[in-house]
Amino acid sequence: MAHPLYIVLLGPPGAGKGTQARRLSERLGLAHVSTGDLFRKHLREQTRLGQLAQSYMNKGELVPDSVTIAMVQERLQEPDTVKGVIFDGFPRTVAQAEALDDLLAQLGGRVNLAVLIQVPEEVLVERLSGRRTCRAQGHIFHVKYNPPKVPGKCDFDGSELYQREDDKPETVRRRIQVYWEQTGPVVDYYRARGLLVEVDGAQDMDTVTQALLDVVTAREDDEV
Ligand code: AP5
């Protein structure tokens with residue numbers, strides 16, 4: 001069997017990580033692990049972890065590393081991850097990046113590629129204010145750039161589309177600040193290890209997907 005492929009998607013809030021991770025996961029047959037989606041699932045199910053996470057998410061702050069890492073460790077035990085994973089929104093601190101290296105080493109793997117999706121800040125705010133998210137499974141839409149066929153309803157499962165609590169302008173500003181402070185060093189972490197590639201995320205969604213697929217193919221060719 002080929003080695004599992006572990007890809008980290010980096011980028012500020014609204015860069016398109018979730019949108020592209022879903023597409024790459026389908027195209028490449030890899031599991032999609034989004035820590036934001038996992039926290040929101042816990043929140044829907046009203047678990048203690050969900051309640052804890054909510055108190056941080058609503059302020060635009062990061063959930064503590066120990067909690068986040070333990071949740072990812074558990075997720076990596078699930079069978080759909082054996083061929084590899086697209087990580088979306090994780091790691092977000094250097095401590096998480098180091099923990100991910102340890103977790104993957106235990107599975108006999110390593111991060112093969114980290115892709116930074118670059119988008120100017122003024123575009124991020126517009127994207128987040130127009131985002132609509134599916135209540136049942138987190139499918140992502142945008143009122144202007146990717147509208148659903150029926151307003152307010154998910155194209156895939158018909159569930160209600162809602163606006164995320166943390167997409168309010170003041171929380172968005174804090175999330176972007178937290179990204180530069182705490183996740184900026186993660187970009188440097190992967191750059192220093194020769195694993196970082198940058199993709200222009202300000203292009204239309206299909207062009208970004210193709211750019212990401214090209215980057216993955218190039219890395220696979222390098223590793224053969
Ligand atoms: P999380 O859910 O990970 O949010 P995020 O990183 O802030 O990223 P977003 O989901 O906001 O944006 P995205 O890049 O996925 O963009 P999307 O594809 O939706 O985290 C939320 C919170 O959870 C954090 O603040 C923190 O509290 C906590 N958390 C999560 N992970 C954590 C961790 N590891 N450690 C600690 N705490 C953690 O696109 C945005 C919009 O733009 C959509 O409407 C989309 O349709 C549109 N769009 C996308 N691409 C394009 C394009 N090319 N052109 C036009 N529109 C586009």
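Keep in mind it's a predicted model, so treat the numbers as computed, not measured. All ligand and atom numbering here is 1-based and tracks the order in the structure.
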Checklist outcome for this item: Contacts of Arg40 meeting salt bridge (charged side-chain N to carboxylate O under 4.0 Å, His left out) (sequence neighbours excluded), chain-then-number -> Asp37

Checklist entry - Would you call Asp166 and Arg175 a salt bridge, taking side-chain N to carboxylate O under 4.0 Å as the test? => result yes

Hey, can you pull the donor-acceptor pairs under 3.5 Å for the side chains in residues 113-127, sequence neighbours left out?
{"unit_1": "Gln118", "atom_1": "NE2", "unit_2": "Glu198", "atom_2": "OE1", "d": "2.9"}
{"unit_1": "Glu126", "atom_1": "OE1", "unit_2": "Tyr145", "atom_2": "OH", "d": "2.8"}
{"unit_1": "Glu126", "atom_1": "OE2", "unit_2": "Lys144", "atom_2": "NZ", "d": "3.2"}
{"unit_1": "Glu126", "atom_1": "OE2", "unit_2": "Tyr145", "atom_2": "OH", "d": "3.0"}
{"unit_1": "Arg127", "atom_1": "NH1", "unit_2": "Gly14", "atom_2": "O", "d": "3.2"}
{"unit_1": "Arg127", "atom_1": "NH1", "unit_2": "Ala15", "atom_2": "O", "d": "3.1"}
{"unit_1": "Arg127", "atom_1": "NH2", "unit_2": "Gly201", "atom_2": "O", "d": "2.8"}

Checklist entry - Are there more than 12 heavy atoms of other residues, nucleotides or ligands under 6.0 Å from atom CZ of Arg44? => result yes

Item to check | Partners passing side-chain contact (heavy atoms from CB on, under 4.5 Å) against Glu61 (at least two apart in sequence or in another chain) | outcome: Tyr56, Lys59, Arg174, Val178

Item to check | Phe90 six-ring face occupied by Arg92 cation (under 6.0 Å, within 45°) | outcome: no

Item to check | Contact residues of ligand 1, where a non-hydrogen atom lies under 4.0 Å away | outcome: Pro12, Pro13, Gly14, Ala15, Gly16, Lys17, Gly18, Thr19, Thr35, Gly36, Phe39, Arg40, Met57, Glu61, Leu62, Val63, Thr68, Gly89, Phe90, Arg92, Gln96, Arg127, Leu128, Arg131, Ile140, Phe141, His142, Tyr145, Arg164, Asp166, Arg175, Gly201, Gln203, Asp204, Met205

